[in-house]
Amino acid sequence: ESFKHVHPSSSEASAKPFTPENLQACQAFADSHGNLRLAFHIKPSHVERYRFTGEEAIWHIYDNTRIRFVLFTYRQNKLARWISSLEQTKQQFTYQFMEKPNHPPLLLIDEWETLCDQVREARHAAEQYGMRVLKMDFMQMVSATCEAAKEILYVWLNDVERSEIDRLECLPQVDHRFPHPEGLVDRVGLENALEIERQLNGTAYEWMLDLHATSWPPGHEREACFEW
């Protein structure tokens, strides 16, 4: 959040690379505004976007700020997450699986497993550097947001008694999520749906074709990206 204050406009922020200098500016902003506590929130896409290895991303944070808490969030249905991400950025699906000069065929499983490896690497690095680490399922965060926030505070603010955090009142939760069409074809179109099914059918990821499914089937937990 402090990084957004240093670079408040979205266009400016997107143009600012994830560099030691910008991280130092973020820390300086926090220092100039009193006793602010900084945390680092990692999604797989963050690691990919800045072209770092997971360990490099953590090292930049550790070396250039006083951040010592890392929150890893994940969504077990990677297909649902991937589609939602594209919808939020208003990207089109028409080119995703077509062979064009600048758009080679997208191999979903390879992409997901590469990102998982990078996030695992980031998590190991954070633990090696002695940072406090918390992983949290996306569905846990959106279905019980207040309780999730309390859990984050408890791990993040390790000098605060649990009883103080438990006393925080949770207001009734309002779901602001936009309802999506039911099926895969409705979300991505017939051609893309057929290609996605071709890639996932017969694999450990086949269950994700049901976009409403939120967790790995029994017996497959060991294959989940964030099992540790």
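By convention here, the first residue in the shown sequence is residue 1.
- Note on W112: it clusters hydrophobically with L184, by side-chain heavy-atom contacts below 4.5 Å among ILVMFWY residues.
- The two residues N77 and A213 make their nearest non-hydrogen contact at ND2-O, 2.9 Å.
- Taking CD1 of I152 as the start and CD1 of I165 as the end, the distance is 11.0 Å to the nearest 0.5 Å.
- Ring planes of W156 and F69: parallel class, angle under 30° (limits at 30 and 60°).
- Of the inter-residue distances, the one linking F138 atom CZ with S143 atom OG reads 9.5 Å to the nearest 0.5 angstrom.
- Atom CD of residue E113 and atom CD of residue Q118 lie 12.5 Å apart, to the nearest 0.5 angstrom.
- Following chains of ILVMFWY side-chain contacts shorter than 4.5 Å, one cannot reach V185 starting from L211, and the two form parts of different hydrophobic clusters.
- Residues M131 and I61 are in side-chain contact: their nearest non-hydrogen atoms beyond the backbone lie under 4.5 Å apart.
- Contact annotation: the side chain of Q76 never approaches that of T214 to less than 4.5 Å [non-hydrogen atoms, C-beta and beyond].
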Given the rule in the side chain to side chain contact (heavy atoms under 4.5 Å, CB included) test, do D31 and R66 qualify, once you have shown the distances and angles that lead to the verdict?
CA-CA 10 Å; D31 292 343; R66 288 195 293 280; 2.4 Å; yes
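- Annotation: side chain of E195 is in contact with side chain of R198 (closest heavy-atom distance under 4.5 Å).
- Within the cation-pi definition used here (under 6.0 Å to the ring centroid, within 45° of the axis), R68 qualifies as a partner of Y62.
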Run F72 and L134 through side chain to side chain contact (heavy atoms under 4.5 Å, CB included) and show every step you take.
CA-CA 6 Å; F72 290 87; L134 177 66; over 6 Å; no
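- Heavy atoms only, all atoms of each residue included: V188 and A193 are closest at CG2-N, 3.6 Å.
- Residues W216 and M208 have side chains in contact (heavy-atom distance under 4.5 Å, counting atoms from C-beta outward).
- Contact between K150 and L168 at its shortest, heavy atoms only, is NZ-O, 2.8 Å.
- Between D137 and R75, every side-chain heavy-atom pair lies at or beyond the 4.5 Å cut-off.
- Of the possible donor and acceptor atoms, one in the side chain of S32 sits under 3.5 Å from a partner among the backbone N and O of F29.
- Within the 3.5 Å criterion, the main-chain N or O of L107 finds no donor-acceptor partner in the side chain of E111.
- Distance check: R132 CZ to E127 CD gives 13.5 Å after rounding to the nearest 0.5 Å.
- Every residue two or more places apart in sequence or in another chain was checked for a side chain to side chain donor-acceptor pair (under 3.5 Å) with D110, and none qualifies.
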Test side chain to side chain contact (heavy atoms under 4.5 Å, CB included) applied to S84 and R187, step by step
CA-CA 9 Å; S84 294; R187 300 281 292 275; 3.6 Å; yes
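- Side-chain contact, N64 with Q27: no donor N or O sits under 3.5 Å from an acceptor N or O.
- Summarising the geometry of V70 relative to A126, their closest heavy-atom pair is CG2-CB, 4.2 Å, with the distance given to 0.1 Å.
- Between the side chains of E164 and Y154, no donor-acceptor pair is found at a separation under 3.5 Å.
- The shortest distance between side-chain heavy atoms of W59 and Q128 does not fall below 4.5 Å.
- Among all heavy-atom pairs drawn from I196 and L209, the shortest one is CG2-CD2, 3.8 Å.
- Looking at every heavy atom in both residues, M141 comes nearest to A148 through CA-CB, 4.0 Å.
- Listed by first and then second residue, the disulfide bond (SG atoms under 2.5 Å apart) pairs involving residues 121-171 are C146-C170 (not counting sequence neighbours).
- Atom CG in D166 sits 8.0 Å away from atom CD in E147 (nearest 0.5 Å).
- Taking CG of L194 as the start and CG of N201 as the end, the distance is 10.0 Å to the nearest 0.5 Å.
- Residues W82 and I109 share a single hydrophobic cluster, defined by chaining ILVMFWY side chains whose heavy atoms lie under 4.5 Å apart.
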